[in-house]
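Beneath this line is the structure, given in structure tokens, with notes to follow.
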Amino acid sequence: MKLFEFEAKNIFQKYGIPTPKGKVVTTPKDAESAAKEIGKPVVLKSQILVAGRGKAGGIKPASNPEEAYQIASKMLGSLIKGLRVESLLVEEKLDIVDEYYASVTVDRSARSYVVLASTEGGVDIEEVAEKSPEKIVRLNVDPLYGFAEFHARKIVKKLGFGGKDLRTFSNIIYSLYKITMDYDAELVESNPLVKISDGSFVAADARIIINDDALFRHKEFSERAFLEYGEREAEARRHGLSYVDLTGNIGCLVNGAGLAMATMDLIKTFGGEPANFLDIGGGARAEIIKEGVKILLSKPDVKVVLVNILGGITRCDEVARGILEALRETGVKRPLIVRLVGTREEEGRKILEDAGINVFKDVEEAVREAVKTVRG
Amino acid sequence: MKLFEFEAKNIFQKYGIPTPKGKVVTTPKDAESAAKEIGKPVVLKSQILVAGRGKAGGIKPASNPEEAYQIASKMLGSLIKGLRVESLLVEEKLDIVDEYYASVTVDRSARSYVVLASTEGGVDIEEVAEKSPEKIVRLNVDPLYGFAEFHARKIVKKLGFGGKDLRTFSNIIYSLYKITMDYDAELVESNPLVKISDGSFVAADARIIINDDALFRHKEFSERAFLEYGEREAEARRHGLSYVDLTGNIGCLVNGAGLAMATMDLIKTFGGEPANFLDIGGGARAEIIKEGVKILLSKPDVKVVLVNILGGITRCDEVARGILEALRETGVKRPLIVRLVGTREEEGRKILEDAGINVFKDVEEAVREAVKTVRG
Amino acid sequence: MGIIVGKDTRVVVQGITGREGSFHTELMLKYGTKIVAGTSPAKGGTTIQGIPVYDTVEEAVQKEKANTSIIFVPAAFAKDAILEALDAGIKTIVVITEGIPVKDTIECIAKAKMENATIIGPNTPGIINPNEKVKVGIMPNHMFSLGIIGIASRSGTLTYEVAWEISKIGFGQSTCLGLGGDPVTGLNFVEVLEMFKDDKETRAVVLIGEIGGNAEELAAKYVEEVKYPKPVVAYVAGRTAPPGKRMGHAGAIIMGRVGTAQTKIEAFKAAGVSVAETPFDIAKILKEKLKG
Amino acid sequence: MGIIVGKDTRVVVQGITGREGSFHTELMLKYGTKIVAGTSPAKGGTTIQGIPVYDTVEEAVQKEKANTSIIFVPAAFAKDAILEALDAGIKTIVVITEGIPVKDTIECIAKAKMENATIIGPNTPGIINPNEKVKVGIMPNHMFSLGIIGIASRSGTLTYEVAWEISKIGFGQSTCLGLGGDPVTGLNFVEVLEMFKDDKETRAVVLIGEIGGNAEELAAKYVEEVKYPKPVVAYVAGRTAPPGKRMGHAGAIIMGRVGTAQTKIEAFKAAGVSVAETPFDIAKILKEKLKG
């Protein structure tokens, strides 16, 4: 789960990492008074859970409170990268001397957390990583040993810092690690972490992504789950379904993420375009299948619904019942192509065929049929 | 630092360990209404930071609110083991079926934490430990591996539990361990941990001792430090001095705990009785020495003050100045015997001799003189 | 033969009394797996499907000589179950449970390494060896058959599709295992390739990858570096899938420009690995490679 | 010879820029100790008493070949300093700092064991080898002299008293070290006795114990069990001291009825260890034991 920038910054502060003076607002009036309170030029940053908002116009400077009001009026309520801007973070404009980078994330192949830092912070950090990897210092954390303050100093020392900066920067890195552990984060990042004119360090940006699987240990966030998702995706997640919107017109419902992706790839191979990714997981009951089909039917783009089920834990009769219930409840009429094999295959097939729905045994055949259908 | 029983029980509750229904009160009236609220026979437990209060009359049952009022009137304000009873914990009287024991503490020789549990809880647990050690299950925690829930189950399994009790008891033990870690405790103990008539487990008593050296990480307790100590001892600790009251009449001020104890032993060997233990630590300045001497002079029993300093980090001139200042400030006149050697010995000696105080070089001589002095 | 599990495998089912645990115990027994014990703290002393249930894994090891564990306990308790198995001396642990916090998984894998134990999963369908009739997992029994193809997959149902195709053409499987669908898993493609390399029964290896991570790229590099002696056929799902949740800049930094279906397919091709266009092409390619 | 420190000892002072650190660096240098570096994060590049100061222990090891560390940093940072020294490959760490949380100490000692390193302390006056002119500690230089007595002590100033007496009678010390005044320390009497056993220069061993814990009882048991080949003289402080803070019932359970001066003295006597009535008797007993 992605945290909003202001949430991440609150956590940073709690762990002793300085962040810019700022305030979250939801109205232009409040943006104006926040700017007044800060008493110097500010930056208005849209609080949306998507990367790259800067380039998409989600971050704008304002040199005085009036301007802050004007800009906030435009930004609030607007759509950035498909997400509505509900709140802004009004922050003092920093007098930046230098931009650095620091983060902690999960290194899948090393099966450990990894701490990263660089003197080359800012939006081009990925290019730096590619072109001058030596400018990024990385340290994989031994899971059984942990990460101590001295590890942070080793990193910062390797970046070439000494004196007070060594201490300050390494304290920040150590705090990022502590946040990662305490919040079960998959990512804690500050980019840029900046040095300002008085020589101190400030986390100009802050990102925290919490491991979804660990949310049960962090009840404080349970209320605000799914905010990072579009409407349909959030609705799917509320039912425990994994869903992603795409731009095609063949709606897919599959059991298993790998099979779902393979199905989408097949659609493409045969000349069609998938409208979505939807994995119903293992062992889904009719009720859940129903919700999945309903979500697909709610999307106007979807010209045909393709269901691909290889029943293992999932029972084909449950799938069949779920499909029929969804059709009944919504009353929406769209072509439906079902491939059904595995556990309780015969029962499932009968239920559907009794309702006049043709059932395929072979995936490729089913996908071809779906592509043929949308082509008219 | 010892926590009060009610503080320990609050922490137990936070970690999911059931404790008896109860309330802390400071007046007989409140004791009465607490008993009324609880609605059944209660136990009044004096909240003092000393062990063995039960046998000393610090725990009394009351069968109704009126009786609770009566008993509270007598207990509140009374002295138990030298400590004034300022508050009582009024608790429901439990319908106890069985008494168990569980604790986590530091095993010095193993250099690790150790988890202990027994089916033979209650005041006689130490006797059990001596006579039937097999009835106490112990598990030393590998500091690098930690203690997992399954470790707790292993312990409880060894005690012979199965079924629901296995789960409940091991959850409690796991919580005791978590408390130990989270609070930097030296001891977390429930004795007895009881099974009541409905089959559930309740921590009838709860003890937590926090490692003094770790208090800087637990600021929530800093305000209430020293409550477990007598007046003089608390005053000494406020100045960073290590002090313990004893019953003799030779006041001692020594640098180093080992030397302090050896000095006391010598006093005894030569026929005297030390009035206290006082270690000024290493490198104490005149100001601290002064406070130490003042504490000794404040004790009417002290007939003579014996200062024994072997200056290493501690400078003899600082010691001499501290002594003189204490004498000046208090105006108290008591015989003073000083042994002073080591760093800045000459300077220190001169300061004292100029003030008419005799200075010894040899410990044994000084101690003999002190014993002779009190004997008149 | 085959890898990791075989006729000496004696399984303890951790979480045997749960819905999934008891259901799959029955299916594993049917398949021929030697399930010797189950555990469920507080339910020791009972039996399920005729299998004795113990409170602790330690007892299952001591009394029933279990050497392999399969874990069905809920995610919140999975770490404890894995550590308990390790502590009891279990050397192969198949973690079916999905949704385990990545921090827990990382800790468990590190501790398993310390104990020289293997964790398969988490979030895996398990491992199956049709030749020796051992299944420690949840895959549908009838889709697998005696054979010579080693399969390692990051997927569940997709693996069954592929295995089934391979069964239908008569090659069958020497061992098929799911690495697990989580970002961090106990085994990766390289480690499994190493094992299949030395397994006499395995004549060719199928890798079923998907977008995300760089496990496929590393596998390709490995195949090239060791001049892998057996045919390797790969399929990568997700050419049309949206890129996964982006892990800030950090994700890109630690992995470089990898993780898409395209980078994976290219890496495989560059390493001389045959890449199947669709999952159903895998069987065809195998036929080609193993003919004669 | 002597134990733990000797002429090859090259010391890095962690926390060299602090009051205590710089003061004792001067005294150690005067004594003859090879101090090769100091550390103080953020003060790297400067010098103190002519000694180069680095930001990290790693640099002190790489550039100055330090192999021993003495730690003066405040208690809150001590754990990190110890772990840093271990990470840098330091094998002997003398922790002068007092007031370190016991949880930190326990973790550090376990990690030191993993690295085959020795921690002396915490809360120790350190270690001194007069024959080779090495002091890694804070004891007053002039009270020690070339010699043959090994001293291990749980105390600070009391040790100096005893060492001085032994210096005055001309025996001197082979090595004298403080185990540290904290409940949990890196070395105990038994481990030091083992080292003194094999040290040719050490002709007799003095143990200075005190109430609390069971280190003395274990030492007595050890002396008896191995039929310790050198005279051992013990003194136990605290016959008249109040019993220490009682660790609930748990303390009594894990230790049994030990920990008082009486139990310690009795244990020593039963093991054939000479017990001195006063610290000043130690020298007299040594004279007796080593005459002829």
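All chains are named by letter (A, B, ...) in the order of the sequence lines, taking the proteins before the strands, and each is independently numbered beginning at 1. What you see below is based on every heavy atom in this structure, not just the backbone, and it leaves out hydrogens, waters and symmetry mates.
Counting heavy-atom pairs closer than 4.5 Å to chain C, the top residue among A:A257, A:S118, A:G258 is A:G258. Of the listed residues C:I138, C:L27, C:V190, C:T185, the one with more heavy-atom pairs under 4.5 angstrom with chain A than any other is C:T185. Among A:D184, A:I136, A:V114, A:V244, the residue with the largest count of heavy-atom pairs under 4.5 Å with chain C is A:D184. Contact tally against chain A (heavy-atom pairs below 4.5 Å) for C:G156, C:P183, C:G181, C:S155: the top residue is C:P183. Heavy-atom pairs under 4.5 Å with chain C were tallied for A:I125, A:D142, A:L259; the largest tally goes to A:L259. Ranked by heavy-atom pairs under 4.5 Å with chain C, the list A:T180, A:T343, A:V363, A:D107 is led by A:V363. Ranked by heavy-atom pairs under 4.5 Å with chain A, the first of C:G212, C:P140, C:G99 is C:G99. Per-residue heavy-atom pair counts under 4.5 Å with chain C were compared for A:G312, A:S103, A:A262, and the maximum is reached by A:A262.
Taking each heavy atom of C:I106 and A:R111 in turn, the nearest pair found is CG2-O, 3.5 Å. Minimum interatomic distance between A:M261 and C:A241 (heavy atoms only, all atoms of both residues): SD-CB, 3.8 Å.
Annotation: C:Y31, atom OH; neighbour count of heavy atoms from other residues, nucleotides and ligands within 6.0 Å is above 12. For C:K168, the NZ atom sits in a packed shell: over 12 heavy atoms of surrounding residues, nucleotides or ligands are nearer than 6.0 Å.
Residue-level contacts of residues 266-281 of chain A with chain C, in order of numbering, are A:L266, A:K268, A:T269, A:P274; threshold 4.5 Å between heavy atoms. Contact residues of residues 112-122 of chain C toward chain A are C:K113, C:M114 (heavy-atom distance under 4.5 Å).
Here A:I313 contributes atom CD1 and C:M139 contributes atom CE; the two are 11.0 Å apart, rounded to the nearest 0.5 Å. One distance of note links OG1 of C:T157 with CG of A:L310; it measures 6.5 Å at 0.5 Å rounding. Rounded to the nearest 0.5 Å, atoms CG (A:L144) and CD1 (C:I109) are 11.5 Å apart. Between A:S112 atom OG and C:E107 atom CD the span is 13.5 Å, to the nearest 0.5 Å. From A:D213, atom CG reaches atom CG of C:D104 across 9.5 Å, with rounding to the nearest 0.5 Å.
Heavy atoms of C:A215 lying under 4.5 Å from chain A are absent altogether. If you measure heavy-atom distances from C:E165 to chain A, you find no contacts under 4.5 Å at all. Both the backbone and the side chain of A:N255 come within less than 4.5 Å of a heavy atom in chain C. Only the side chain of A:A129 comes within less than 4.5 Å of a heavy atom of chain C; its backbone N, CA, C and O stay farther away. Within the 4.5 angstrom heavy-atom criterion, atoms from both the backbone and the side chain of C:P101 approach chain A. Neither the backbone nor the side chain of A:V128 comes within less than 4.5 Å of any heavy atom in chain C. With a threshold of 4.5 angstrom between heavy atoms, A:V106 approaches chain C through its backbone and through its side chain. With a threshold of 4.5 angstrom between heavy atoms, A:R138 approaches chain C through side-chain atoms but not through N, CA, C or O. Looking at C:N214, only its side chain comes within 4.5 Å of chain A, counting heavy atoms on both sides. Only the side chain of C:Y235 comes within contact range of chain A, with heavy atoms under 4.5 Å apart.
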Check against side chain to side chain contact (heavy atoms under 4.5 Å, CB included), A:S109 and C:N188: CA-CA 8 Å; A:S109 51; C:N188 60 29; 5.9 Å; no

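With sequence neighbours excluded, the residues forming a ring pair (Phe, Tyr, Trp, His ring centres under 6.0 Å) with C:F72 are C:H24, listed by chain and number.
Remark: the backbone N or O of C:A237 is not paired with any side-chain donor or acceptor of A:D265 at under 3.5 angstrom.
A salt bridge does not link A:R108 to C:E217: none of the charged side-chain nitrogens sits closer than 4.0 Å to a carboxylate oxygen.
The shortest distance between side-chain heavy atoms of C:K103 and A:E186 does not fall below 4.5 Å. Using a 4.5 Å heavy-atom cutoff, the side chains of A:V341 and C:W164 are in contact.
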List the atom pairs, with distances to 0.1 Å, where a side-chain N or O of residues 275-283 of chain C and a protein N or O form a donor-acceptor pair under 3.5 Å, not counting sequence neighbours.
residue	atom	partner	partner atom	Å
C:T278	OG1	C:F280	N	3.1
C:T278	OG1	C:D281	N	3.3
C:D281	OD1	C:K284	NZ	3.1
C:D281	OD2	C:T278	N	3.3

